[in-house]
> 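Before I ask anything, here is the structure I am working with.
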Amino acid sequence: MMSTRPAYDQELVLLGGGHAHALALRMLAMKPPGKARITLVSMGEETPYSGMLPGLIAGHYEKSQAFLDLRRYCARLGVRFIRAEALGLDVAKQCLFLRDRAPLDFDLLSIDIGSQPGTSSVPGATEHAVTVKPIASFQERWEQVLTRVGAQANEALKLAVVGGGAGSVELILAMAHHFREASVSLSLVCGSELLAGYSRATRRAAYRYCQRAGIEVLEQQPVTAVTGGQLRFDGEGARNFDEVFWCTQAAAPAWLKDTGLALDDSGFIRVRDTLQSIGYGNIFAAGDIASQDSNPSPKAGVYAVRQAPTLASNLRAACLSETLRPFRPQKRFLSLLSMGDQYALAERGPFRVRGRWVWRWKNHIDRKFMESFDQLLPAMPIEPGPAMEMHCGGCGAKLPGVALRRVLQRISSSYPAAVQAEALADDAVELEVPNPGKLFQTVDVLRQFIDDPWLTGRITALHAFSDIHAMGGKVESMLAQVALPYASQHLQESDLYQLLAGACHELAIEGAHLSGGHTLEAPELMLGFTVNGRCERKPLRKQGAVAGDALVLTKALGSGILLAAHQQALCRGEWINEAINNMLLSNRKAADLAKDFRVHAMTDVTGFGLLGHLLEMIEGQNLRVNLQSRQVPLLPGVEELNQQGIKSTLLPGNLELVSKTLPKSSQEFSRDHYPFLDPQTSGGLLIAVHPDDAAQLISRLHQDAYAHAAEIGRLLDISGDAEITISD
């Protein structure tokens, strides 16, 4: 039997969520680059618009206005999103090295990771100063400073910004506006003159504004060293500060030096006019990280924005083997400098103006730029995806043996203890049934729920392990069942490697191994595992709870609602990140902790939701559950999305199950209770424990990373059918 499905044949990876990539992604989605699959790799779910950062610090904007939610943005565009930090690049093998995860293969790569203030030339700056970029770490420290200022209301805090360029001037004036009623001393330390490169009139205006804001400006004061709380200058002078923010000349990440890419004297990637790397036609660079040989330009966001159309066009042309076009940067650009309190300076060549109307002009430009990412998406005429091709069924749907062997050999080199030798040899694996002890076996299969295959492998493995952990057992071995979407062989190999490497990452932690499995092609990605485990002591069962037991839930609920919202591009990236972290929390340690207490029954909360699995625990046991709804932990965003009517497709079935079996509880149901029926992927454990042990068990769980663990109810005697009552 033959079927017709789309097939990708190239992997286009965009590293970094800078301005150029954010705009280019939208253009590529509107006009797809042939059969290329697009993946965005970014350190975080959000990327800031640099033009609005001073306004954010000053308090003129909310974070949601100044940051683009990349995960949600990619979901709307149909682009894969992978949250990871790049550590290196192998240009020959065409793979990216990422922190704490498997390398990512690519056919074409575009790099837009921006720049960061250079600290390496000043001793102590890296250790003791807060760099303004990356914004995520700066924002975290800034929040700490705000907390510290609030706690030390009667003691003046001394803050310094080291720089002198436009970014540092805007930053310290924004700080001054924010702290206008607080006891804070601000100093701007410039290695040369203030705003070097700008006109004399603009420099004078900025200097006067700093003075008016109470900012001490130290010009011609190069910093020679930074120690804890102190800046040292030429001539042995020194000044003490409580916090130092570093906003000097842009520098490139150090890992680029080991990639073999052609770099300029400052470490930035040299590119042709087509934005291709010198020497590697399949690697592009844009934004601050790129240095155009024929047209060197300042590190300014305006150039990244202007590069986006050329970058999108050339990435599409490279995928289709078409002619690329050059990027010609403008000779002059408009520079708008915010002075903190909704006043701005503007300069372009000989043209210079200033005033509050200039800030309103800048505010209009910035808001319109950010709003465009949302406003233009729903109506975009996105073209159809890759052309349809014919694919076989039956055994003809299996992956080629040579491809499978390459993947397994690649994984075994990274996780030698997690891949059993028979997985590379025999068709079947021999299992030794332990004695004493019983062998337990379970199986789980999931459709793809997030577009990162490495995380899909990890979470699916943990989900499958959970049945063994819930019985108090230990995982020993596993078989994999993988259905890969139709694509070229090297893309399927890449996806299979990511999936199995993620699973083997968790197997290695368990001290277990992959024994073998089966792969095939299919319309969509599916991943399943058959897991073998054993219990060295009497296994815990779902049933066995007694009246009076406390019910302890180890993880927060809501992954089903959040994933459903994510599929509709309605979920914030930070919410999905919390859900992923929750799903990546193994139940093994919680199950091990339970052995130290008087636990009578235990199960994991997965597809049937909290109430469905609670019903399994009490059915036929003459027990009633008094569930305290306010004590049930929910993931961030769940309540908001639930009120919007977002729900998993399995929720109606779960509601029907509970309603038919527990008619009394169904009468009490409202939308507020839907999260209790929400199907959980890699959910937590539901533990029936002696009431005198509940508090200590929860305390131990909190100490062992289960931050949401809580007592959610009690079990009571009842004569007759099982019953669940829900109360506030």
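All values below were derived from every heavy atom in this structure, side-chain atoms included, with hydrogens, water molecules and symmetry-related copies excluded.
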> Would you say Gln631 and Glu711 make side-chain contact, with heavy atoms under 4.5 Å?
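Sidechains of Glu711 and Gln631: no contact.
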
> Side chain of Asn587, backbone of Ser466: donor and acceptor closer than 3.5 Å?
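Side chain of Asn587 to backbone of Ser466, a donor-acceptor pair under 3.5 Å: no, none is there.
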
> Applying side chain to side chain donor-acceptor pair (under 3.5 Å) as the test, list every pair that has at least one member in residues 557-572; sequence neighbours left out.
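Found Ser559-Gln680.
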
> Kindly indicate whether the side chain of Pro103, heavy atoms from C-beta on, has any atom under 4.5 Å from the side chain of Arg410.
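The answer is yes, as the side chains (C-beta and beyond) meet within the 4.5 Å cut-off.
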
> Counting distance only, does the side-chain N/O of Tyr8 pair as donor-acceptor with the main-chain N or O of Leu491 below 3.5 Å?
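Not at all, since once roles are kept as given, no pair shorter than 3.5 Å links the two residues.
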
> Sequence neighbours left out, what passes salt bridge (Lys or Arg N to Asp or Glu O under 4.0 Å) with Asp444? Give chain and number order.
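Residues passing salt bridge (Lys or Arg N to Asp or Glu O under 4.0 Å) with Asp444: none at all.
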
> Heavy-atom count check: over 12 atoms from other residues, nucleotides or ligands less than 6.0 Å from Glu639 CD?
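Open: at most 12 neighbouring heavy atoms sit under 6.0 Å from CD of Glu639.
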
> Would you find a donor on one side and an acceptor on the other, under 3.5 Å apart, between the side chain of Arg83 and the backbone of Met43?
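Between the backbone of Met43 and the side chain of Arg83 there is a qualifying donor-acceptor contact (under 3.5 Å).
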
> Quick one: ring pair (Phe, Tyr, Trp, His ring centres under 6.0 Å) partners of Trp454, sequence neighbours excluded?
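Here the qualifying residues are His505.
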
> Please list, chain by chain and in numerical order, all residues satisfying side chain to side chain contact (heavy atoms under 4.5 Å, CB included) with Leu650, sequence neighbours excluded.
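Ser648, Asn654, Pro679.
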
> Residues in side chain to side chain contact (heavy atoms under 4.5 Å, CB included) with Ala503, at least two apart?
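With sequence neighbours excluded, Ala503 shows a side chain to side chain contact (heavy atoms under 4.5 Å, CB included) to Ala461, Met478, Phe529, given in chain and number order.
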
> How far apart are the closest heavy atoms of Pro675 and Leu634, and which atoms are they?
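So the two residues come closest at CB-CD2, 3.8 Å.
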
> Who pairs with Phe676 by ring pair (Phe, Tyr, Trp, His ring centres under 6.0 Å), at least two apart in sequence or on another chain?
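Ring pair (Phe, Tyr, Trp, His ring centres under 6.0 Å) check on Phe676 returns His673.
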
> Taking side-chain hydrogen bond (donor to acceptor under 3.5 Å, both in side chains) as the definition, give me every residue that meets it alongside Gln621, ordered by chain and number, with sequence neighbours left out.
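Gln543.
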
> If the test is side-chain contact (heavy atoms from CB on, under 4.5 Å), which one of Leu611, Leu614, Leu716 qualifies with Val625?
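Running side-chain contact (heavy atoms from CB on, under 4.5 Å) over Leu611, Leu614, Leu716 with Val625 returns exactly one hit, Leu614.
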
> Can you confirm whether Gln492 sits close enough to Thr519 that some side-chain heavy atom of one is under 4.5 Å from a side-chain heavy atom of the other?
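Counting from C-beta outward, Gln492 and Thr519 never come under 4.5 Å.
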
> Can you tell me if NZ on Lys647 sees more than 12 non-hydrogen neighbours from other groups inside 6.0 Å?
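12 or below, so no.
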
> Any non-hydrogen side-chain atom of Ile38 less than 4.5 Å from a side-chain atom of Val79?
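Yes, side chains in contact.
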
> Mind checking side-chain hydrogen bond (donor to acceptor under 3.5 Å, both in side chains) for Arg37 and listing every partner two or more places apart, or none if nothing turns up?
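For Arg37, the residues satisfying side-chain hydrogen bond (donor to acceptor under 3.5 Å, both in side chains) (neighbours in sequence not counted) are Glu11, Asp495.
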
> Hey, could you give me each pair passing ring pair (Phe, Tyr, Trp, His ring centres under 6.0 Å) that has a residue in residues 595-618? Not counting sequence neighbours.
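Only Phe608-His613 qualify under ring pair (Phe, Tyr, Trp, His ring centres under 6.0 Å).
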
> Side chains of Asp678 and Tyr674: does their closest heavy-atom pair fall under 4.5 Å?
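No, side chains not in contact.
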
> Heavy atoms, side chains only, cut-off 4.5 Å: are His469 and Glu510 in contact?
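A side-chain contact exists here, since the closest heavy-atom pair is under 4.5 Å.
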
> Under the rule for side-chain hydrogen bond (donor to acceptor under 3.5 Å, both in side chains), what residues qualify as partners of Asp704, not counting sequence neighbours?
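Counting only residues at least two positions away or on another chain, Asp704 forms no side-chain hydrogen bond (donor to acceptor under 3.5 Å, both in side chains).
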
> If you measure only the distance, is there a donor-acceptor pair under 3.5 Å linking the side chains of Glu524 and Gln448?
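Side-chain D/A pair, Glu524 to Gln448: absent.
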
> Is atom CD of Glu62 surrounded by more than 12 heavy atoms (other residues, nucleotides or ligands) closer than 6.0 Å?
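Open.
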
> Using the test side chain to side chain contact (heavy atoms under 4.5 Å, CB included), find all partners of Leu446 that sit at least two apart in sequence or belong to another chain.
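Counting only residues at least two positions away or on another chain, Leu446 forms a side chain to side chain contact (heavy atoms under 4.5 Å, CB included) with Phe449, Thr460, His463, Thr681.
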
> Are Leu657 and Leu677 side-chain neighbours, meaning at least one heavy-atom pair lies under 4.5 Å?
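The answer is no, as the side chains (C-beta and beyond) never meet within the 4.5 Å cut-off.
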
> Judged by atom type as modelled, is there a donor-acceptor pair below 3.5 Å linking the side chain of Asp549 to the main-chain atoms of Leu715?
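No; judged by distance alone, with no hydrogens or angles, the pair does not exist.
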
> May I ask you to check whether Thr530 and Gln441 show a side-chain donor-acceptor distance below 3.5 Å?
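Distance-only check fails for Thr530 and Gln441.
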
> Any sub-3.5 Å donor-acceptor pair from Lys589's side-chain atoms to Tyr706's backbone N or O?
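Such a contact is absent between Lys589 side chain and Tyr706 backbone.
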
> Would you say the side-chain atoms of Asp69 pair up with the backbone N or O of Gly573, donor to acceptor, closer than 3.5 Å?
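Side chain of Asp69 to backbone of Gly573: a pair is present.
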
> Considering non-hydrogen atoms only, spot the tightest contact between Met602 and Ala470 and give its length.
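Scanning both residues completely, I find the closest heavy atoms to be CE-O, 3.3 Å.
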
> Could you tell me whether Lys595 atom NZ has more than 12 heavy atoms of other residues or ligands within 6.0 Å of it?
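Counting other residues, nucleotides and ligands, NZ of Lys595 exceeds 12 neighbours.
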
> May I ask you to decide if Glu476's main-chain N or O and Asn532's side chain share a donor-acceptor pair within less than 3.5 Å?
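Looks like no, no N/O pair under 3.5 Å.
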
> With a 6.0 Å cut-off (strictly less than), is the heavy-atom count around CZ of Arg671, excluding the residue itself, greater than 12?
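Buried by this count: over 12 neighbours within 6.0 Å.
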
> Does any N or O in the side chain of Gln628 come within less than 3.5 Å of the main-chain N or O of Ile726, such that one atom is a donor and the other an acceptor?
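Flag not set: sc Gln628 to bb Ile726 has no pair under 3.5 Å.
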
> What residues form a side chain to side chain contact (heavy atoms under 4.5 Å, CB included) with Asn622, not counting sequence neighbours?
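Asn622 satisfies side chain to side chain contact (heavy atoms under 4.5 Å, CB included) with no residue once adjacent residues are dropped.
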
